Amino acid sequence: RLHGRSAAMTRLKERITKCADADRNVLITGESGVGKEHVAHLLWERSRRSMSPLIPVNCALYAGSANLANSDLFGHKRGAFTGANADRPGKFVEADGGILFLDELGELPLDVQAKLLRVLEDGWVTPEGADRPT
């Protein structure tokens, strides 16, 4: 729940309601520690997507490791790299139908940011080691 009656809190509550009704990507901005993940959770609870998972991801965990980010976010095919003993769906596929909350996007390696932009533009996820999107 959001507490407060200020004009800013009223606008935030209205925007959450409006965004929860839309089936679109949503960008939540704000300083560190202001509750962006909480807002994402409120959006998820109020949306039609609440029957599917909300998956929060702190992208700062991938700083300096494009391989880890690619594998964890987009998934991989068996044999794509040493240790890839089985197919792995990745966070985008796991969140399909629900909400994937990506925090600290600026910490992702640039080549992963480019791949993320492609997913947001066309909706297709290409796992590591795959010839085409899934």
Side-chain angles (χ1 to χ4, degrees):
R1 297 190 180 255
L2 290 175
H3 301 284
R5 296 182 185 156
S6 69
M9 286 301 267
T10 301
R11 279 193 311 274
L12 178 59
K13 291 173 187 177
E14 289 169 357
R15 287 180 180 168
I16 288 171
T17 300
K18 187 182 259 186
C19 289
D21 289 338
D23 193 24
R24 305 293 241 161
N25 295 324
V26 175
L27 177 65
I28 302 169
T29 62
E31 299 291 325
S32 183
V34 298
K36 294 180 294 289
E37 187 171 346
H38 183 64
V39 168
H41 191 88
L42 293 171
L43 280 166
W44 172 75
E45 282 181 342
R46 289 163 174 75
S47 74
R48 288 172 285 210
R49 295 176 173 266
S50 64
M51 299 306 288
S52 296
L54 166 66
I55 299 180
V57 177
N58 183 348
C59 295
L61 298 174
Y62 307 126
S65 181
N67 291 335
L68 176 60
N70 277 320
S71 176
D72 199 36
L73 293 174
F74 308 112
H76 62 258
K77 294 291 187 185
R78 180 177 183 230
F81 51 84
T82 303
N85 300 325
D87 288 356
R88 183 167 186 274
K91 302 290 189 203
F92 276 97
V93 172
E94 290 173 7
D96 189 32
I99 291 180
L100 179 61
F101 173 68
L102 300 173
D103 198 11
E104 304 294 341
L105 282 174
E107 299 297 322
L108 282 174
L110 291 178
D111 56 328
V112 180
Q113 289 183 32
K115 193 170 180 179
L116 171 64
L117 182 58
R118 173 55 75 203
V119 172
L120 294 174
E121 286 177 346
D122 63 24
W124 293 99
V125 177
T126 305
E128 289 294 298
D131 294 330
R132 55 182 157 241
T134 57

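As the structure is a prediction and not an experimental result, all values here were calculated from the model. The first residue of the sequence shown is numbered 1, and numbering continues consecutively from there.
Interatomic distance, Leu43 CG to Arg15 CZ, rounded to the nearest 0.5 Å: 12.0 Å. Here the straight-line distance linking atom CZ of Arg11 with atom OG of Ser6 works out to 7.5 Å at 0.5 Å rounding. With rounding to the nearest 0.5 angstrom, the CD atom of Glu104 is 5.5 Å from the OG atom of Ser32. Rounded to the nearest 0.5 Å, atoms CG (Asn67) and NE2 (His76) are 11.5 Å apart. The structure places CD1 of Ile16 at 12.0 Å from CG of Asp21, a figure rounded to the nearest 0.5 Å.
With side-chain heavy atoms closer than 4.5 Å counting as contact, directly or through intermediates, the hydrophobic cluster containing Leu73 also holds Ile55, Val57, Tyr62, Leu68, Phe74, Phe92, Leu100, Leu102, Leu105, Leu108, Val112, Leu116, Val119, Leu120, Val125. The hydrophobic cluster containing Met51, built from Ile/Leu/Val/Met/Phe/Trp/Tyr side-chain heavy atoms closer than 4.5 Å, comprises no other residue.
In this structure, Gly64 and Pro109 approach most closely via the heavy-atom pair N-CG, 4.2 Å. Considering every non-hydrogen atom in both Ala80 and Gly129, the closest pair reads CB-CA, 3.8 Å.
A single hydrophobic cluster is not seen to contain both Phe101 and Val34; linkage of ILVMFWY side chains at heavy-atom distances under 4.5 Å, directly or through other members, places them apart. Val93 and Ile99 fall into different hydrophobic clusters, where Ile, Leu, Val, Met, Phe, Trp and Tyr are joined by side-chain heavy atoms under 4.5 Å apart, directly or via other members.
With hydrogens and angles disregarded, no donor-acceptor distance shorter than 3.5 Å links the side chain of Lys36 to the backbone of Asp103.
Screening residues 48-63 for salt bridge (charged side-chain N to carboxylate O under 4.0 Å, His left out), with sequence neighbours left out, gives Asp23-Arg49. Sorted by first and then second residue, the side chain to side chain donor-acceptor pair (under 3.5 Å) pairs with a member in residues 108-125 read Lys115-Glu128, Arg118-Glu121; sequence neighbours excluded. Screening residues 12-41 for ring-ring contact (aromatic ring centres under 6.0 Å, His included) gives His41-Trp44 as the qualifying pairs, with residues at least two apart or on separate chains.
Annotation: side chain of Asp72 is not in contact with side chain of Leu61 (no heavy-atom distance under 4.5 Å).
Under the salt bridge (Lys or Arg N to Asp or Glu O under 4.0 Å) criterion, Lys77 pairs with Asp87, not counting sequence neighbours.
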